Amino acid sequence: MSGELAAFEAERARLLGLAYRLTGSVVDAEDVLQDAWLRYAAADGIERPAAWLTTVVTRLCLDHLGAASRRRETYPGTWLPEPIVTEPHDPADLAVVADEVRYAGLVLLDRLPADQRVAFVLHDVFDIPFAQIAEILGTTAANARQLASRGRRTMAEAPRESPAAEHRAAVEGLLRALERGDAAGVAEALHPDVTAYGDSGGLTPTAGRPVVGPEQVARFFQGLVRLYGDERLGAMRLVEVNGRLGLVTPGTDGRFPARVAAFSVVEGRVIGTYDVAHPDKLRGVRLADWHPTAPDTPSRRRSPGR
């Protein structure tokens, strides 16, 4: 392995985590790293590879964010980040242990202006000095500090999510109620401030705009269950979405597309649901790994609990 490649590979995991947080997409993050590698391989005399690569990856992500912002102006419905899906308790290629990479945290990051997002992620997550952040953003260190502070305040506004065990119990309770067709049980599993978000790009039914409140969200889920039918409900597979319990529903015969559901839980109840059904958002999800004939689907177990 050449010295350049060895230096790049030593930074790959960190750079991939950075690019994912900034773009909200594993596939785009990998594209950014490929572009960064080509630039790095063609450069000469780089004395500090880690700092150089951080700068290049961040600037490439800023270009991506600018293009994404223009696309969203005409995007139908809500835009959600791309989820990372793994088997429960299995290690992922990209570690998703920090709060800001939980799916709800990533959604909140996605709402920050690009400069605040960059300053917050670089400083608070990757401990990059403000002088380097200022150079990347073309501003002063004092302004970079302010940008990070604004981003930090916005991120701090989110309710503190429940621990993993409470998250699992709340999601499993919601799924059991859906399986039973128990409308009251569904509403009981939902936090009073619950909001459901859907992203299909207008290609399949989901929430076209955020659905707010337990009764409304319960009706939304019951509508999806009726649309997909009991067979599709039985095909759902428990997975981890960005490190917390979620669901994959495989597609079927071109009639229904695959979808991934993520959840956030506060005070032991589901406060956020994220229905990702746009095929482009699932490019990095190996949906064949969660085939509906898997032996531990909810319908075969009669309960989503493991």
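Because the structure is a prediction, the values reported are computed rather than measured.
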message: Are D115 and N143 packed together at the side-chain level, in the sense that at least one heavy-atom pair is separated by less than 4.5 angstrom?
response: no
Side-chain heavy-atom pair L245, L238 within 4.5 angstrom cut-off: yes
Hydrophobic cluster identity match, L53 and I46, side-chain contacts under 4.5 Å: yes
message: Check this for me, if you would: do D63 and R59 make a salt bridge, where the nitrogen-to-carboxylate-oxygen distance has to be below 4.0 angstrom?
response: no
field: Partner residues of R152 under the salt bridge (charged side-chain N to carboxylate O under 4.0 Å, His left out) criterion, sequence neighbours left out
entry: D124
message: With a 6.0 Å cut-off (strictly less than), is the heavy-atom count around CZ of R71, excluding the residue itself, greater than 12?
response: yes
- prompt: L203 and W79: same hydrophobic cluster, using ILVMFWY side-chain contacts below 4.5 Å?
  reply: no
message: If the threshold is 4.0 Å, N to carboxylate O, is there a salt bridge linking E179 and R176?
response: no
query: Within the distance-only criterion (no hydrogens, no angle test), does the side chain of T139 pair as donor or acceptor with the backbone N or O of A144 below 3.5 angstrom?
result: no
- request: Quick one: pull up CD1 in I136 and OG1 in T55 and give me the separation to the nearest 0.5 Å.
  value: 4.0 Å
task: Using a 4.5 Å cut-off on heavy atoms from C-beta on, say whether the side chain of H123 contacts that of I128.
output: no
query: Could you give the distance from NE2 (H64) to OG1 (T58), rounded to the nearest 0.5 Å?
result: 13.5 Å
- line: Sequence neighbours excluded, the answer for ring-ring contact (aromatic ring centres under 6.0 Å, His included) partners of Y274 is Y103, Y197
query: In chain order, what residues pass the ring-ring contact (aromatic ring centres under 6.0 Å, His included) check against H191, with sequence neighbours excluded?
result: none
field: Exercise: identify the closest heavy-atom pair between G268 and S162
entry: N-OG, 3.2 Å
Check: N242 side chain, I84 main-chain N or O, donor-acceptor pair, under 3.5 Å: yes
message: Within this structure, what is the CD1-CD distance for the pair I133 and E135, rounded to the nearest 0.5 Å?
response: 11.5 Å
task: Using side-chain contact (heavy atoms from CB on, under 4.5 Å) as the criterion, list what pairs up with A183, not counting sequence neighbours.
output: Q222
D28 side-chain N/O to T23 backbone N/O, donor-acceptor pair under 3.5 Å: no
message: Is it the case that the side chain of S264 and the backbone of G272 share a donor-acceptor pair, with hydrogens and angles ignored and the cut-off at 3.5 Å?
response: yes
message: Has T54 got a side-chain atom pairing as donor or acceptor with A50's backbone, closer than 3.5 angstrom?
response: yes
message: Give me the atom names and distance for the closest heavy-atom approach of V57 to A36.
response: CG2-CB, 3.8 Å
message: Given 3.5 Å as the limit, does a donor-acceptor pair link the side chain of E82 with the main chain of V26, or not?
response: yes
field: same_hphob_cluster(V118, L108) at 4.5 Å side-chain heavy-atom cutoff
entry: yes
message: Same cluster or not: L190 versus V266, using hydrophobic residues (I, L, V, M, F, W, Y) connected whenever any side-chain heavy atoms lie under 4.5 Å apart?
response: no
- prompt: Under the ring-ring contact (aromatic ring centres under 6.0 Å, His included) test, which residues partner F220, sequence neighbours left out?
  reply: none
Any R39 side-chain heavy atom under 4.5 Å of L60 side chain: yes
- prompt: Quick one: do the R259 and S200 side chains pair a donor with an acceptor below 3.5 Å?
  reply: no
query: Hey, is the main chain of R21 close enough, under 3.5 Å, to the side chain of R117 for a donor-acceptor pair?
result: yes
- prompt: How about F126 and V121: do any of their side-chain heavy atoms sit closer than 4.5 Å?
  reply: yes
query: What is the minimum heavy-atom distance between T204 and A277, and which atoms define it?
result: CG2-CB, 3.6 Å
task: Decide if the gap between the ring center of H167 and the ring center of F263 is smaller than 6.0 angstrom.
output: no
message: Would you compute the distance between atom CD of E267 and atom CZ of R160 and round it to the nearest 0.5 angstrom?
response: 12.5 Å
CD on E166 to CZ on R168, rounded to 0.5 Å: 13.5 Å
query: Are V270 and L247 grouped together when hydrophobic residues (ILVMFWY) are joined by side-chain heavy atoms under 4.5 angstrom apart?
result: yes
task: State, to 0.1 Å, how close V217 and V194 come at their nearest heavy-atom pair, and which atoms those are.
output: CG2-CG1, 3.8 Å
message: Check whether S69 reaches the backbone of L65 with its side chain - one donor and one acceptor, N or O, closer than 3.5 Å.
response: no
- request: Indicate whether any N or O donor in one side chain lies under 3.5 Å from an N or O acceptor in the other, for R150 and T154.
  value: no
message: Between the side chains of R12 and E9, is the shortest nitrogen-to-carboxylate-oxygen separation below 4.0 Å, so that they form an ion pair?
response: yes
- request: Heavy atoms only: give me the nearest A134-A141 pair and the separation to one decimal.
  value: CB-N, 3.5 Å
message: Going by ring pair (Phe, Tyr, Trp, His ring centres under 6.0 Å), name the pairs with one or both residues in residues 37-61, residues two or more places apart or in two chains.
response: F8-W37, Y40-W52
field: Nearest heavy-atom neighbours spanning V186 and A218
entry: CG1-CB, 3.6 Å
message: Let me confirm one number: the CD-CG distance from Q132 to L122, rounded to the nearest 0.5 Å.
response: 7.5 Å
